[in-house]
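This one's a predicted model, so the numbers in the text were calculated from it and none came from an experiment.
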Amino acid sequence: MATGGTVRRFRSEVLGEEREVIVHLPEGYEQEPERNYPVLYVLDGASQAGHTAESAALLARVGVVEPMIVIGVSSLDGERRNRDYTPPDQR
């Protein structure tokens, strides 16, 4: 199910803004939704989560890693991306 993913939006009280995440569920999730899966969070989710989820699915199919949920956290725009990724003492 790596291709596409499901987009969810939520309000961050800490940031005071709405954020979008893209949820990629592993193959077989529908058969075992109660199973505990590791979760990988990917920054710049809109551009990076899809191929990361595809790689994770391939690695799980060949037994290198266990199936995992990949969550892509999207950046909002250039200014806020810089804010999010720059340490406070370097702003």
Inset, instruction - Taking salt bridge (charged side-chain N to carboxylate O under 4.0 Å, His left out) as the test, write out the residues that go with Glu79, two or more places apart. - result: none
Legend entry - Student check: side-chain heavy atoms of Asp84 and Ser75 closer than 4.5 Å: no
Legend entry - Rounded distance (nearest 0.5 Å) linking atom OH of Tyr85 with atom CD of Gln90: 16.0 Å
Legend entry - Test log, rule side-chain contact (heavy atoms from CB on, under 4.5 Å), inputs Arg81 and Asp44: CA-CA 9 Å; Arg81 181 184 184 280; Asp44 282 337; 2.8 Å; yes
Inset, instruction - Look up atom CD1 in Ile71 and atom OG1 in Thr52, then write down how far apart they are to the nearest 0.5 Å. - result: 12.5 Å
Inset, instruction - Determine whether Leu43 and Gln48 make a side-chain contact, defined as any pair of heavy atoms from C-beta on separated by less than 4.5 Å. - result: no
Legend entry - Heavy-atom neighbours of Arg8 CZ exceed 12 at 6.0 Å: no
Legend entry - Hphob cluster co-occupancy, Val62 + Leu40, side-chain heavy atoms under 4.5 angstrom: yes
Inset, instruction - Check step by step if salt bridge (Lys or Arg N to Asp or Glu O under 4.0 Å) holds for Glu17 and Arg11. - result: CA-CA 6 Å; Glu17 59 198 25; Arg11 173 117 183 117; over 6 Å; no
Legend entry - Val21 reachable from Ile69 in the ILVMFWY side-chain graph, under 4.5 Å edges: yes
Legend entry - For the student: nearest non-hydrogen atoms of Ala57 and Glu27, plus distance: CB-OE2, 4.0 Å
Legend entry - Shortest non-hydrogen separation from Tyr37 to Pro67 and the atoms involved: CD2-O, 3.6 Å
Inset, instruction - Please assess Glu18 against Glu20 for the test side-chain contact (heavy atoms from CB on, under 4.5 Å), listing each intermediate value before the final yes or no. - result: CA-CA 7 Å; Glu18 192 167 287; Glu20 181 178 281; over 6 Å; no
Legend entry - Asp89 atom CG, neighbour heavy-atom count above 12 within 6.0 Å: yes
Inset, instruction - Supply the atom-to-atom distance Leu59 CG to Glu54 CD, rounded to the nearest 0.5 angstrom. - result: 11.5 Å
Legend entry - Evaluation steps, side-chain contact (heavy atoms from CB on, under 4.5 Å), between Arg19 and Phe10: CA-CA 6 Å; Arg19 282 297 176 111; Phe10 69 94; 3.9 Å; yes
Inset, instruction - Measure across Ala49 and Gly72 and return the closest heavy-atom pair with its distance rounded to 0.1 Å. - result: CB-CA, 3.6 Å
Legend entry - For Gln31 against Pro33, the heavy-atom pair lying closest together: C-CD, 3.5 Å
Inset, instruction - Could you give me the CA-CA distance, side-chain angles and deciding distance for Asp77 and Arg83, then say whether salt bridge (Lys or Arg N to Asp or Glu O under 4.0 Å) is met? - result: CA-CA 10 Å; Asp77 56 40; Arg83 175 204 67 195; over 6 Å; no
Legend entry - Atom of Val70, atom of Ala56 and distance for their closest heavy-atom approach: CG2-CB, 4.2 Å
Legend entry - ILVMFWY network linking Val73 to Leu76, side-chain heavy atoms under 4.5 angstrom: no
Legend entry - side-chain hydrogen bond (donor to acceptor under 3.5 Å, both in side chains) contacts in which one or both residues fall within residues 64-73, not counting sequence neighbours: none
Inset, instruction - Treat each ILVMFWY residue as a node, draw an edge where side-chain heavy atoms are under 4.5 Å apart, and state whether Leu25 and Val39 are in one component. - result: yes
